[in-house]
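A short worksheet on the structure shown next.
So that the names make sense, note that chain A is the first sequence line, chain B the second, and so on, each numbered from 1.
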There are 2 protein chains.
Amino acid sequence: MTHNDEHSSFDHSADDAGDDAAYAAALDRLLLLTVLLNDDMHRGLQDDGLTPSRTSLLWTLRRLGPCPQKAIADAMEISPRTVTGLVDGLVATGFVTREPSPADRRAVLVTFTPKGTAAVESLLEQQRGFGRQLFAAMPRDRFAGLVAGLDDVLGTLHALGLRKPF
Amino acid sequence: MTHNDEHSSFDHSADDAGDDAAYAAALDRLLLLTVLLNDDMHRGLQDDGLTPSRTSLLWTLRRLGPCPQKAIADAMEISPRTVTGLVDGLVATGFVTREPSPADRRAVLVTFTPKGTAAVESLLEQQRGFGRQLFAAMPRDRFAGLVAGLDDVLGTLHALGLRKPF
DNA sequence: CATCATTATGAGTCATGCTCACTATCGTAG
DNA sequence: CTACGATAGTGAGCATGACTCATAATGATG
């Protein structure tokens, strides 16, 4: 890509074209990182008998505590029907249980089993280890620069209306 | 693995703990960015009648030029059968055609239609615009720090064996 | 020419997502 | 207290995208 159109300008637009190319290169890096991190997470996941979506549900459940499926659906921004399916799978594999809700006989409370709790703790620990692997060898000022840049980008995305719900 | 051997030392372990928290925060930012960028790309895609996987195939095809499905399968690291399905969809929606291969009557050459070419060009342009939106307002030194940090992380991932095939 | 490898695909499975319709229950207006 | 509308969960059915296994057609090679 990038039969880049610098040139064709005279005094200062070279700056603009150079910026554009630099932006493209930076965005390429971000997207590549996106793909690599995603792939790595998903690869590690299935070792535990967990699929990406089910893991995401577990993660959400950890944040919410025992709760009805509707709350999970809202938090994950997926349909209640999909939550039913994911919880089905997690119940079948022993990560959560459906407990009757004391307050509402229509609802169930999705609740961690000990295995589910252990799985989430394990994921947390893996993430800590991964953070160490990624950043421990990085010079401190470069690390600080990275975090500042990421914050800037996240702030920009937030301003553009792209945000995570919570 | 790696219930880390920081060993509970006294004098400087505060540093280690602080680092760990900083690493976790940085990783959180990276993962959040991962999710946000992914979501945004997929959202924009379906406006064009393209699914994420089919778009990925188009992107690969742009890199490879007209080629048999097996080449696409290898490049995308998915099974040939899956490529058949994706190409089916792209043919049905008019983005590519299956041309007979002159050299091998078993194979077909997946080839862009004008609509397909236009779609990829449009995606490229969108990406350039997105890069500008993300980075144009960022101070130059912060941008440089971000890129340096990203390169560092990508290098580390590469060293860990995580890399993109191409 | 016979055999083996390769290309694409049919058939069948699984995981995620969706909608629509339905039951059971809740809450509230009357 | 009852009747009605909202809410929680699920059954049925569909689409996408990934996989495997089997198979037909063709290529390549001894």
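- Closest approach of B:L64 to B:A71, counting heavy atoms only: CD1-O, 3.9 Å.
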Every protein N/O within reach of nucleotides 19-23 of chain D N/O, cut-off under 3.5 Å:
| residue | atom | partner | partner atom | Å |
| --- | --- | --- | --- | --- |
| D:dC19 | OP2 | B:S79 | N | 2.7 |
| D:dC19 | OP2 | B:S79 | OG | 2.9 |
| D:dC19 | OP2 | B:T82 | OG1 | 2.8 |

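- Donor-acceptor pairing under 3.5 Å is lacking for the side chains of B:T156 and A:Q133.
- B:L58 contributes atom CG, which lies 4.5 Å from atom CZ of B:F112 (distance to the nearest 0.5 angstrom).
- Considering CD of A:Q69 and CG of A:D74, their distance stands at 12.0 Å, rounded to 0.5 Å.
- Residues of residues 93-101 of chain A having a heavy atom closer than 4.0 Å to DNA chain C: none are found.
- Evaluation of the side-chain hydrogen bond (donor to acceptor under 3.5 Å, both in side chains) rule for B:R132 yields A:D20 as partners, not counting sequence neighbours.
- In this structure the side chain of B:L124 reaches within 4.5 angstrom of the side chain of B:W59, judged on heavy atoms.
- For B:T117, the side-chain hydrogen bond (donor to acceptor under 3.5 Å, both in side chains) criterion is met by no residue, not counting sequence neighbours.
- Mapping heavy-atom proximity under 4.0 Å, the span of DNA chain C touched by chain A runs 5' to 3' from C:dA15 to C:dC26.
- No donor-acceptor pair closer than 3.5 Å links the side chain of B:K70 to the backbone N or O of B:A107.
- Atom CG of A:L90 and atom C1' of D:dG9 are 16 Å apart (whole Å).
- For the pair A:K70 NZ and D:dA6 C1', the interatomic distance rounds to 11 Å; values are reported in whole Å.
- Considering only heavy atoms from C-beta on, A:P100 stays 4.5 Å or farther from A:R105 through its side chain.
- Across the interface with DNA chain C, nearest-nucleotide mapping of B:V83 and A:L86 shows B:V83 to be the residue nearer the 5′ end.
- Applying the ring-ring contact (aromatic ring centres under 6.0 Å, His included) test to A:F143 and every residue at least two apart in sequence or in another chain returns A:F135, B:Y23.
- D:dA15 atom P lies 14 Å from atom CG of B:D88, rounded to whole Å.
- With sequence neighbours excluded, the residues forming a side-chain hydrogen bond (donor to acceptor under 3.5 Å, both in side chains) with A:S122 are A:Q126, listed by chain and number.
- Side-chain N/O atoms of B:T82 and B:S79 include a donor and acceptor closer than 3.5 Å.
- Annotation: the span from B:L33 atom CG to B:D28 atom CG amounts to 12.0 Å, rounded to 0.5 Å.
- Contact check of residues 49-56 of chain A against DNA chain C (heavy atom, cut-off under 4.0 Å) returns A:T51, A:P52, A:S53, A:R54.
- Residue pairs that meet the salt bridge (Lys or Arg N to Asp or Glu O under 4.0 Å) test with at least one member in residues 82-98 of chain B, sequence neighbours left out, are B:D88-B:R98.
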If you restrict it to nitrogen or oxygen atoms, what contacts under 3.5 Å exist between nucleotides 26-30 of chain D and the protein, and what is each distance?
| residue | atom | partner | partner atom | Å |
| --- | --- | --- | --- | --- |
| D:dG27 | OP1 | B:R105 | N | 3.0 |
| D:dG27 | OP2 | B:R105 | NH2 | 3.3 |

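- Helix-axis bend for the helix from C:dC1-D:dG30 to C:dG30-D:dC1: the local axis fitted to the five terminal pairs at one end deviates from that at the other end by 0°, rounded to 10°.
- Residues B:M41 and A:L31 have side chains in contact (heavy-atom distance under 4.5 Å, counting atoms from C-beta outward).
- Not counting sequence neighbours, B:D48 has no partner by the salt bridge (charged side-chain N to carboxylate O under 4.0 Å, His left out) test.
- Distance CG/B:D151 to CZ/A:R142: 8.5 Å, rounded to 0.5 Å.
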Please step through salt bridge (charged side-chain N to carboxylate O under 4.0 Å, His left out) for the pair B:D19 and A:R140, ending with a clear verdict. CA-CA 10 Å; B:D19 283 356; A:R140 300 189 85 93; 3.2 Å; yes
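- Rounded to a whole Å, the CG atom of A:D74 is 11 Å from the C1' atom of D:dA8.
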